[in-house]
Amino acid sequence: MDNDSPNLLITQSGGSTNVTEGGATDSYTVQLTTAPTTDVQVVITPDGEVDLGNGVGQPLTLTFNAGNALTAQTVTVTANNDTEVEGRHTSLLNHSIVTTDADYQTVSGQALTVTITDNDLPTVSINAAGNASERSAVPGVFEVSLGDAVAPAGGLTVNYTVSGFAASTDYSPLSGSVVIPAGESGATIFVNPINDADIEGTPPETVTLTLATNSNYSIGTNSATIVINDDDVAGVRILQSGTRTDVVEGGDTDDYSLSLTARPSSNVTINFNTGTQISTIPSVTFTPANWNVAQTVTVAAIDDNLTEGAHTGTITHTIATTDPNYSALSVGSVTANISDPILDGLAIAAGLDAALDALEQRFSQEFLATEIPIFGSASALASNPFTGLSDLIQSQIRTAADLDASRLETIIENAFRPLFANVDVVTTVSGGAPLFTIDGLDRSFSRTNLDLASDFGLPGLDMQVEGKFNSTVNFSGALSFGFDGSNNFYLDAAQTGFTTTVRFRAAQQCHRHHQPGLLPTGCDG
């Protein structure tokens with residue numbers, strides 16, 4: 001970095017910024033490289049993961065002037081001690097500059113990444129998902145679940161102990177541990193019965209799994225019990241992949257499996273009621289020949305063109321059969337966790353970069369480069385409001401995990417608001433493709449005591465001017481972009497653009513001369 005030119009100098013202690021939820025804080029310093037002519041405000045905008053001293057997610061403003069510009073100001077970063085299980089994660093601090101100093105108005109903002117160590121352990125629970133049957137060789141099922149959390153990178157190993165009234169010869173050996181894969185919220189443990197010739201008495205054969213303590217997780221529901229039945233019992237078994245069903249509108253599907261627990265005397269058809277959030281699922285039929293072969297049910301969310309955030313849909317099941325053992329059965333339901341479409345952060349960042357660069361160039365070419373008679377170059381009247389915006393916003397969008405419309409709105413508004421106080425992002429969805437319109441890109445530039453150009457621009461009138469003037473430039477803009485059906489970024493030209501209004505007011509010392517020998521007159525008009 002050239003310390004002889006106007007710039008923002010950010011120095012991290014130890015070369016990085018690392019904090020711990022409920023523990024260690026960290027700090028870095030900010031200073032300018034040259035003394036400004038007017039106050040320079042550095043606005044630091046965090047996300048909801050850290051606190052800079054004004055509250056979690058609240059911006060911090062540092063003010064520099066000619067006297068303290070070269071003196072480093074310290075920013076202390078504290079992690080938000082939330083209860084969410086996040087593992088090791090990051091937060092992004094955006095630095096933007098607000099000033100009337102012409103040199104520092106051209107300085108781009110910078111982003112700083114904070115690494116956060118989570119202090120929240122995932123809570124592991126176990127429940128019995130189905131009993132076993134010796135005669136039909138149907139396994140018993142336990143589900144180990146993390147609830148709404150997911151396993152970290154490398155997976156999470158959960159240990160358990162085995163007890164119960166069943167002898168070790170009644171089922172295949174269990175390992176004593178199960179691994180929840182990375183990114184999954186649960187895992188399944190099967191208890192495979194051994195069909196022996198013994199007449200089972202009382203108490204019934206049971207298998208109980210009890211979770212063992214571990215420093216990598218805490219324990220919720222710590223034990224569960226299944227029964228190994230000696231006789232076949234009619235039932236419908238539902239097994240969700242990863243113990244949850246998670247789908248995305250217009251995107252990822254998920255599945256679960258259905259099977260029967262005993263041979264039916266006639267065909268058993270299971271019908272699905274999917275409600276308004278889940279796509280229609282065709283019925284499945286089990287016969288006396290395939291009753292114990294699991295059938296996969298694919299779940300897809302309806303893309304309803306609404307921005308809803310995370311929500312759920314419920315799938316209920318009904319049975320149609322002439323088998324009296326199955327006809328009266330009540331079957332459990334499945335809750336699907338639905339996310340709005342995950343957006344392509346790289347495509348959005350690249351598209352916005354091109355759009356903002358184009359607007360920056362248009363403003364420079366169509367306004368700042370204009371020569372105005374009497375008043376001179378328009379570049380003295382205002383600065384380019386788009387300078388530095390692209391760099392400020394790209395890094396946040398590129399690094400955002402599970403980027404949806406709601407989170408993108410927040411990122412854009414937080415990045416634009418230090419420069420455009422009234423910014424508003426409106427999202428509409430058509431055919432599953434989102435369109436984002438950024439309104440309120442309004443800003444005013446005021447300049448006082450600027451020198452008038454000596455040449456009026458009309459030499460035939462032999463008129464010269466001298467003195468100073470004041471000006472106000474009012475800028476108003478909008479930006480609209482979205483994705484087409486092929487997930488390609490596009491700019492909505494009809495909703496994108498800006499208008500600029502300039503007002504001049506002559507200062508008291510302004511004079512104009514018509515011909516030699518005549519006294520100057522004021523030019524306040």
Side-chain angles (χ1 to χ4, degrees), residues 94 96-100 102 105-109 307 343-373 375-394 396-397 405 408-431 433-447 471-504:
N94 285 310
S96 59
I97 292 178
V98 179
T99 184
T100 58
Q105 285 180 335
T106 63
V107 174
S108 299
T307 302
L343 304 176
D344 187 340
L346 294 179
I348 291 176
L352 273 179
D353 180 39
L356 292 172
D357 284 348
L359 288 176
E360 182 177 357
Q361 292 178 17
R362 280 188 57 189
F363 189 78
S364 295
Q365 295 168 358
E366 297 178 14
F367 179 72
L368 296 182
T370 303
E371 291 293 329
I372 305 174
F375 302 102
S377 173
S379 61
L381 308 181
S383 59
N384 198 317
F386 296 105
T387 299
L389 265 178
S390 179
D391 292 340
L392 183 66
I393 198 172
Q394 275 199 78
Q396 283 196 68
I397 295 177
L408 180 59
E409 286 184 14
T410 301
I411 290 174
I412 293 175
E413 288 182 353
N414 287 342
F416 277 67
R417 185 158 286 124
L419 297 175
F420 303 99
N422 298 319
V423 67
D424 181 41
V425 182
V426 178
T427 305
T428 55
V429 181
S430 177
L435 174 70
F436 302 91
T437 301
I438 308 173
D439 291 317
L441 302 182
D442 307 322
R443 191 170 175 186
S444 293
F445 303 89
S446 297
R447 299 287 188 270
S471 73
T472 301
V473 177
N474 293 317
F475 172 89
S476 180
L479 174 62
S480 184
F481 66 93
F483 290 92
D484 61 20
S486 300
N487 205 34
N488 296 314
F489 181 94
Y490 71 90
L491 193 66
D492 185 352
Q495 301 294 325
T496 298
F498 59 84
T499 58
T500 307
T501 304
V502 185
R503 291 182 174 85
F504 301 102

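All values below were derived from every heavy atom in this structure, side-chain atoms included, with hydrogens, water molecules and symmetry-related copies excluded.
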In Å and rounded to the nearest 0.5 Å, what is the OG1 to CZ distance from Thr472 to Arg447?
-> 10.0 Å

Glu366 side chain near Thr500 side chain, heavy-atom distance below 4.5 Å = no

Spacing of Phe436 atom CZ and Ile412 atom CD1 [to the nearest 0.5 Å] | 6.5 Å

side-chain hydrogen bond (donor to acceptor under 3.5 Å, both in side chains) filter on Ser446, not counting sequence neighbours, yields none

Please report the shortest heavy-atom distance between Val425 and Glu409, naming the atom on each side.
-> CG1-CG, 3.7 Å

Minimum heavy-atom distance between Asp442 and Gly477, given as atom pair plus value | OD1-N, 4.0 Å

List the steps and the verdict of side-chain contact (heavy atoms from CB on, under 4.5 Å) for Phe481 and Thr496.
-> CA-CA 8 Å; Phe481 66 93; Thr496 298; over 6 Å; no

Which distance, rounded to the nearest 0.5 Å, do you find between the OG1 of Thr387 and the CG of Leu356?
-> 10.5 Å

Taking all heavy atoms of Glu413 and all of Asp424, pick out the closest pair and write down the distance.
-> OE2-OD1, 3.7 Å

If you measure from CD1 on Ile438 to CG on Leu352, what distance do you get to the nearest 0.5 Å?
-> 6.0 Å

Would you call the rings of Phe386 and Phe475 parallel, tilted or perpendicular, where under 30° means parallel and over 60° means perpendicular?
-> perpendicular

Could you pull out all residues at least two apart from Ser383 that satisfy side-chain contact (heavy atoms from CB on, under 4.5 Å)?
-> Gln105, Phe445

Would you name the heavy atoms of Pro385 and Leu419 that are closest together and state the gap between them?
-> O-CD1, 3.9 Å

Taking side-chain contact (heavy atoms from CB on, under 4.5 Å) as the test, write out the residues that go with Gln495, two or more places apart.
-> Ser480, Asp492

If you measure from CG on Leu441 to CG on Leu359, what distance do you get to the nearest 0.5 Å?
-> 8.5 Å

Applying ring pair (Phe, Tyr, Trp, His ring centres under 6.0 Å), name anything that partners Phe367, two or more places apart in sequence or on another chain.
-> Phe363

CG (Asn384) and CD (Gln361) are apart, to the nearest 0.5 Å, by 10.0 Å

Qualifying salt bridge (Lys or Arg N to Asp or Glu O under 4.0 Å) pairs with a residue from residues 350-360, counting only residues at least two apart or across chains | none

Could you list the residues that satisfy ring pair (Phe, Tyr, Trp, His ring centres under 6.0 Å) with Phe416, not counting sequence neighbours?
-> none

Taking the side chain as every heavy atom from C-beta outward, state whether Phe420 and Asp439 have any atom pair closer than 4.5 Å.
-> no

Heavy-atom pair with the smallest gap, counting every atom of Ala355 and Leu491 = CB-CD1, 3.9 Å

